[in-house]
Amino acid sequence: MKKVNITSIILLVYLIAMSIIGWPGNKPNPDWTQYFLVIGLTIAVILLLRFVQIKRVKSRKKW
């Protein structure tokens with residue numbers, strides 16, 4: 001398994017764990033918009049990091 005895949009999987013597992021810990025379901029008036037917005041932005045950052053890592057590996061192989 002490539003290092004890029006391992007990093008992405010670890011970050012996604014960490015995101016899932018933090019999402020479960022921060023579940024706002026028990027609060028009297030949960031802010032679902034903010035909860036899912038933060039999860040979505042975090043997934044976007046993980047995908048951006050994956051793209052940058054793949055690009056870096058390809059350029060390193062080229063040199």
Side-chain angles (χ1 to χ4, degrees):
M1 200 179 241
K2 292 183 179 180
K3 190 175 181 180
V4 175
N5 292 339
I6 293 171
T7 305
S8 298
I9 290 170
I10 289 171
L11 288 173
L12 287 173
V13 168
Y14 180 75
L15 173 63
I16 291 169
M18 290 296 109
S19 298
I20 292 170
I21 290 171
W23 182 255
N26 298 341
K27 296 179 183 174
N29 192 10
D31 189 6
W32 294 105
T33 305
Q34 180 183 1
Y35 178 74
F36 288 114
L37 184 65
V38 169
I39 292 173
L41 289 175
T42 307
I43 290 173
V45 169
I46 292 171
L47 292 175
L48 180 65
L49 176 66
R50 181 176 169 81
F51 172 75
V52 169
Q53 284 180 326
I54 289 172
K55 192 172 182 180
R56 192 185 91 219
V57 168
K58 284 182 180 179
S59 69
R60 202 178 267 181
K61 286 181 181 179
K62 193 182 242 185
W63 286 97

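Because only heavy atoms are used, hydrogens play no part in the values below, and waters and symmetry mates are left out as well, while side chains stay in. This one's a predicted model, so the numbers in the text were calculated from it and none came from an experiment.
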Quiz item: Going from CE on M18 to CG on L11, what distance comes out if it is rounded to the nearest 0.5 angstrom?
Solution: 12.0 Å
Quiz item: Sequence neighbours excluded, which residues qualify as side-chain contact (heavy atoms from CB on, under 4.5 Å) partners of V57?
Solution: V4, K61
Quiz item: Got more than 12 heavy atoms from elsewhere within 6.0 Å of CZ, F51?
Solution: no
Quiz item: Applying the 4.5 Å side-chain criterion to the ILVMFWY set and letting contacts propagate, would L47 and L15 be lumped into a single cluster?
Solution: yes
Quiz item: To the nearest 0.5 Å, what is the distance between CG (L12) and CD1 (I16)?
Solution: 6.5 Å
Practice problem: Could you grab the distance from atom CG of N5 to atom CD1 of I10, nearest 0.5 Å is fine? | Solution: 11.0 Å
Quiz item: With sequence neighbours excluded, what pairs up with Y35 under the side-chain contact (heavy atoms from CB on, under 4.5 Å) test?
Solution: S19, W23, P24, W32, I39
